[in-house]
Amino acid sequence: MSDPNLPENRGDYKLKAARRHLDNLIRLEDTAGSLAAGKVRIEAEEDIDEYLYHLIGVKDALLQEINNELHLDLAQRDVNLVAINKELN
């Protein structure tokens, strides 16, 4: 049985994960006063890395959706912004 709280769309999942890490960063800053504070710096850096990782995942998922929905027929490994733009022009 699947978790009803997990989005079925990969992009939505990645966006929710990014939001969770952004919320962690906000909480850390509120608690420590600064993300550069020694006591939270490592945790903040980890959350920043994860936040960026998931945002890139959102972009990649969106490009895959564009490829599929517009029937561009690019191989999954070849889907990127340049290839999508080339097919659309």
Side-chain angles (χ1 to χ4, degrees):
M1 183 173 199
S2 66
D3 184 343
N5 297 318
L6 287 177
E8 292 191 26
N9 178 293
R10 186 74 180 156
D12 289 343
Y13 171 80
K14 291 294 213 176
L15 202 52
K16 284 183 185 256
R19 182 63 208 199
R20 189 179 75 233
H21 289 287
L22 181 59
D23 289 344
N24 286 345
L25 288 165
I26 292 168
R27 179 186 51 77
L28 285 173
E29 187 172 41
D30 287 346
T31 301
S34 169
L35 294 177
K39 59 186 174 185
V40 298
R41 185 172 177 182
I42 302 269
E43 188 177 351
E45 287 183 16
E46 290 172 348
D47 275 315
I48 290 168
D49 287 349
E50 290 291 324
Y51 175 70
L52 294 173
Y53 169 82
H54 288 295
L55 283 182
I56 291 168
V58 169
K59 178 202 66 127
D60 291 342
L62 178 59
L63 292 176
Q64 291 293 342
E65 272 190 54
I66 290 169
N67 182 46
N68 292 336
E69 292 297 317
L70 298 180
H71 307 287
L72 300 179
D73 298 324
L74 293 168
Q76 186 174 5
R77 69 180 178 280
D78 296 332
V79 173
N80 59 54
L81 190 56
V82 172
I84 294 282
N85 281 331
K86 185 176 178 181
E87 290 296 318
L88 292 176
N89 289 322

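In this text the structure is predicted, and so the values were computed from the model without any measurement. Just so you know, these numbers use all the heavy atoms, side chains as well, and skip hydrogens, waters and symmetry mates.
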Could you tell me the separation between the CZ atom of R20 and the CG atom of L25, rounded to the nearest 0.5 Å? 11.5 Å
Could you tell me whether D23 and R19 have a side-chain N and a carboxylate O separated by less than 4.0 Å? yes
If we only count heavy atoms from C-beta on, is the L74 to I84 side-chain gap below 4.5 Å? yes
Please tabulate, for side-chain N and O atoms in residues 46-58, each donor-acceptor pair with protein atoms closer than 3.5 Å (sequence neighbours left out).
unit_1 : atom_1 : unit_2 : atom_2 : d
D47    : OD1    : H21    : ND1    : 2.7
D47    : OD1    : N24    : ND2    : 3.4
H54    : ND1    : K14    : NZ     : 3.4

Shortest non-hydrogen contact between V79 and Q64, atoms and distance: CB-NE2, 3.4 Å
Looking at CG of L28 and CD of E45, how far apart are the two atoms once the value is rounded to the nearest 0.5 Å? 11.5 Å
Going by the side-chain hydrogen bond (donor to acceptor under 3.5 Å, both in side chains) test, which pairs reach into residues 65-86, not counting sequence neighbours? N9-E65
Is the number of heavy atoms from other residues, nucleotides or ligands within 6.0 Å of CZ (R27) greater than 12? yes
Look at atom CG of L88 and say whether more than 12 heavy atoms of other residues, nucleotides or ligands are closer to it than 6.0 Å. yes
